[in-house]
Amino acid sequence: MSAPVVIIGTGLAGYNVAKEFRKLDAETPLLLITADDGRSYSKPMLSTGFGKNKDADGLSMAEPGAMADQLKAEIRTHTRITGIDPGHKRLWIGEEAVEYRDLVLAWGAETIRVPVEGDGADAVFPINDLEDYARFRAAANGKKRVLVLGAGLIGCEFANDLTLGGYSVELVAPCEQVMPGLLHPAAAAAVQAGLEGLGARFHLGPVLASLQRSADGLDAHLSDGNVVQCDVVVSAVGLRPRTDLASAAGLTINRGVVVDRQLRTSHANIFALGDCAEVDGLNLLYVMPLMSCARALAQTLAGNPTAVTYGAMPVQVKTPACPVVVSPPPRGTSGEWQVEGSGADIKALCRDSEGRLLGYALTGTAVQEKLALNKELPALLA
Ligand SMILES: Cc1cc2nc3c(=O)[nH]c(=O)nc-3n(C[C@H](O)[C@H](O)[C@H](O)COP(=O)(O)OP(=O)(O)OC[C@H]3O[C@@H](n4cnc5c(N)ncnc54)[C@H](O)[C@@H]3O)c2cc1C
């Protein structure tokens, strides 16, 4: 039998490129390999599960067996790739060698872990996949108070969701505003106020210095001297594309695995997409870009080399306490921000010197203007 197309990862990137490929090629052997349990799920739903009262099984959409049938593929679960040998077109799973015709890296990003001092460090949970989510839910069961580390998009989404799930939530992050780098300060203030309206409390500026077990749960000692009492901690301090194995195999790495517009790495027959990939300089950790990449890469794998294009890609933040849509100005552009509105309803627009819209941040009722504004936004990769 000829060597298969091998996809590493069964996240949205891996499964979607497999689906798109199968629309074009029903025959070529397809092998998916994943370190996790291979269930199909939508990762963005992880930060909506408490509000919707869904546990990990409730968020799972299909078992790997059903995915294997649907994709006419072999799926190896709980199987970790340990190396790539581009010269011989094979990869390593420990001592076992697996040959590929083409290799697709869809192995995602890993959570950044900050070391935590104290005897409560094992109560800190990152949530970056369905199994993480199951572990956190088990730890939070019957508890009341959650400390969230990080006030980025994911930290804010978890804060909103956990309050909807009945938890009392405090956030700690060493930044001046929520979602720094993503959101205009006026919009960030609206989101923070929305979350505070639900009862969430913010500690912006300090970091977690240590976590100690107490008679009644945990004492989180912050670097500003405050002590926050909690029962369990969610770590949402950021993600970093997985690059170690690619780097060890000699592939070009920058922030992520470097690929061109055809999703080709620096080595023949090896491609990358999703959170691990830096596409023409852009490493965007969102679903919309990976869907565009999946469609383009499927064409290339089926023998029709195709470059990916990105239109405007606004991000919808799942904080129902204060709806937000944001489209940051593309890299390399500069413009002036103008802010209209007040309170929860902020419309912040960034325009260049010719008056062209470069980006926006909309909150509250201003979110309704997104469709009209999207038409004016520049493409990210034309
Ligand atoms: C809580 C949360 C909420 C989010 N909300 C949104 C949202 O609202 N909108 C949006 O656009 N984006 C959102 N995102 C981001 C979005 O979910 C990701 O961009 C997307 O899911 C990434 O998919 P992926 O397939 O590249 O990576 P992943 O889903 O991380 O998949 C990686 C796969 O690779 C496997 N793997 C890793 N290493 C190995 C190895 N060595 N060997 C074998 N297998 C390996 C893993 O087991 C896994 O199957 C959110 C992310 C989080 C965490």
Side-chain angles (χ1 to χ4, degrees), residues 6-19 31-50 59 64 67 75-84 91-94 96 98 103-112 125-133 136 148 150 152-162 182 234-246 248-249 256-257 263 272-279 283-294 297 310 313-320 323-327:
V6 177
I7 300 173
I8 307 177
T10 55
L12 289 170
Y15 273 144
N16 277 295
V17 74
K19 273 184 214 165
L31 169 62
L32 282 81
I33 302 173
T34 178
D36 62 28
D37 62 19
R39 288 193 284 179
S40 167
Y41 73 105
S42 175
K43 189 185 285 199
M45 296 299 111
L46 295 181
S47 47
T48 65
F50 283 91
L59 292 178
M67 295 305 292
I75 302 179
R76 293 182 60 174
T77 58
H78 297 299
T79 303
R80 188 170 288 280
I81 298 297
T82 52
I84 302 170
L91 51 84
W92 294 101
I93 301 165
E96 179 192 351
V98 174
L103 176 63
V104 176
L105 310 180
W107 59 32
E110 61 201 355
T111 40
I112 295 170
F125 292 84
I127 308 180
N128 187 33
D129 61 35
L130 201 54
E131 290 171 303
D132 286 347
Y133 179 73
F136 174 71
V148 176
L153 180 149
I154 291 174
C156 288
E157 290 191 352
F158 277 123
N160 200 142
D161 191 47
L162 287 161
L182 181 66
V234 173
S235 177
V237 299
L239 292 167
R240 175 168 46 216
R242 292 192 175 99
T243 56
D244 291 0
L245 293 177
V257 179
L263 295 320
L273 82 165
D275 280 5
C276 67
E278 180 175 320
V279 183
N283 171 237
L284 302 174
L285 307 183
Y286 300 109
V287 176
M288 261 209 311
L290 77 77
M291 298 299 261
S292 300
C293 289
L297 180 52
Y310 290 168
M313 296 203 160
V315 178
Q316 189 126 9
V317 185
K318 300 187 295 301
T319 45
V324 191
V325 189
V326 54
S327 187

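When a residue number appears, it is its place in the shown sequence, counting from 1. Atom set for the values below is all heavy atoms of this structure, side chains included, hydrogens, waters and symmetry mates excluded. Numbering of ligands and ligand atoms starts at 1, following listing order.
- Of all protein heavy atoms, the one lying nearest to atom 5 (N) of ligand 1 is K318 NZ, 2.8 Å.
- Regarding atom 4 (C) of ligand 1, its nearest protein heavy-atom neighbour is P44 CA, 3.6 Å.
- When non-hydrogen atoms are compared, ligand 1 lies under 4.0 Å from neither the backbone nor the side chain of L239.
- Backbone and side-chain nitrogen or oxygen atoms of I127 are examined, and none is located within less than 3.5 angstrom of a nitrogen or oxygen of ligand 1.
- D132 places no side-chain N or O within 3.5 Å of a backbone atom of F125 that could act as its donor or acceptor partner.
- Taking every non-hydrogen atom of F158 and a distance limit under 4.0 Å, the qualifying atoms of ligand 1 come out as 1 (C).
- Between Y15 and ligand 1 there is no heavy-atom distance shorter than 4.0 Å.
- Considering only non-hydrogen protein atoms, atom 25 (O) of ligand 1 sits nearest to A13 N, 2.9 Å.
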side-chain contact (heavy atoms from CB on, under 4.5 Å) evaluation trace for F136 with L46: CA-CA 11 Å; F136 174 71; L46 295 181; over 6 Å; no
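- Using a 4.0 Å cut-off to heavy atoms of L12, the atoms of ligand 1 that qualify are 21 (O), 25 (O).
- With sequence neighbours excluded, the residues that form a side chain to side chain contact (heavy atoms under 4.5 Å, CB included) with R240 are E110, I112.
- A donor-acceptor pair is defined here as one N or O able to donate and one able to accept, closer than 3.5 Å; such a pair exists between the side chain of Y15 and the backbone of G38.
- The closest protein non-hydrogen atom to atom 35 (C) of ligand 1 is G9 CA, 3.8 Å.
- Of all non-hydrogen atoms in M67 and K19, the two that sit nearest each other are CE-CE, 4.2 Å.
- Here the shortest heavy-atom pairing between G256 and P241 reads CA-CB, 3.8 Å.
- Considering every non-hydrogen atom in both T79 and I33, the closest pair reads O-CG2, 3.5 Å.
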side-chain contact (heavy atoms from CB on, under 4.5 Å) assessment of L91 paired with I8: CA-CA 10 Å; L91 51 84; I8 307 177; 4.1 Å; yes
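- Of all atoms in ligand 1, listed by their number and element, those nearer than 4.0 Å to a heavy atom of L290 are 20 (C), 22 (C), 23 (O).
- Considering each of L105, L285, D275, the one bringing a non-hydrogen atom nearest atom 26 (O) of ligand 1 is D275.
- The single protein non-hydrogen atom nearest to atom 36 (N) of ligand 1 is W107 CB, 3.8 Å, given as residue, atom name and distance.
- Only the backbone of A106 comes within 4.0 Å of ligand 1, counting heavy atoms alone; no side-chain atom from C-beta on gets that close.
- Nearest non-hydrogen protein atom to atom 29 (O) of ligand 1 is K43 CE, 3.3 Å.
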Evaluate the side-chain contact (heavy atoms from CB on, under 4.5 Å) criterion for residues V279 and C293: first the C-alpha distance (whole Å), next the side-chain angles of each, then the deciding distance (0.1 Å), finally the verdict. CA-CA 9 Å; V279 183; C293 289; 4.1 Å; yes
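- To the nearest 0.5 Å, atoms CZ (R242) and CG (L105) are separated by 12.0 Å.
- The two residues I84 and A249 have their closest heavy-atom pair at O-CB, 3.6 Å.
- In terms of the side chain to side chain donor-acceptor pair (under 3.5 Å) criterion, residue partners of N128 (sequence neighbours excluded) are, by chain and number, K43.
- At the shortest separation from atom 42 (N) of ligand 1 among protein heavy atoms lies I81 N, 2.9 Å.
- Close approach to T10 involves these atoms of ligand 1, each under 4.0 Å from a residue heavy atom: 33 (C), 49 (O).
- For atom 43 (C) of ligand 1, the nearest non-hydrogen atom from the set T79, V287, D161, V315 belongs to T79.
- Distances between N or O atoms of A35 and those of ligand 1 include at least one value under 3.5 Å.
- Counting the atoms of ligand 1 from 1 in the order shown, those under 4.0 Å from a heavy atom of G274 are 26 (O).
- If you number the atoms of ligand 1 from 1 as listed, the ones under 4.0 Å from a heavy atom of G11 come out as 25 (O), 29 (O), 31 (O), 49 (O).
- Atom numbering of ligand 1 starts at 1 in the shown order; those under 4.0 Å from a heavy atom of L245 are 41 (N).
- At a heavy-atom distance under 4.0 Å, only side-chain atoms of I154, from C-beta outward, approach ligand 1.
- Between Y41 and L59 the shortest heavy-atom distance is CB-O, 3.6 Å.
- Contact record, S47 with F158: CA-CE2, 3.7 Å, taken as the closest heavy-atom pair.
- Environment of CE in M45: crowded, with over 12 heavy atoms of neighbouring residues, nucleotides or ligands closer than 6.0 Å.
- The residue from L32, T34, I33 that puts a heavy atom closest to atom 47 (O) of ligand 1 is T34.
- Considering only non-hydrogen protein atoms, atom 3 (C) of ligand 1 sits nearest to S47 OG, 3.5 Å.
- Distances below 4.0 Å separate heavy atoms of I8 from the following atoms of ligand 1: 42 (N), 43 (C), 44 (N).
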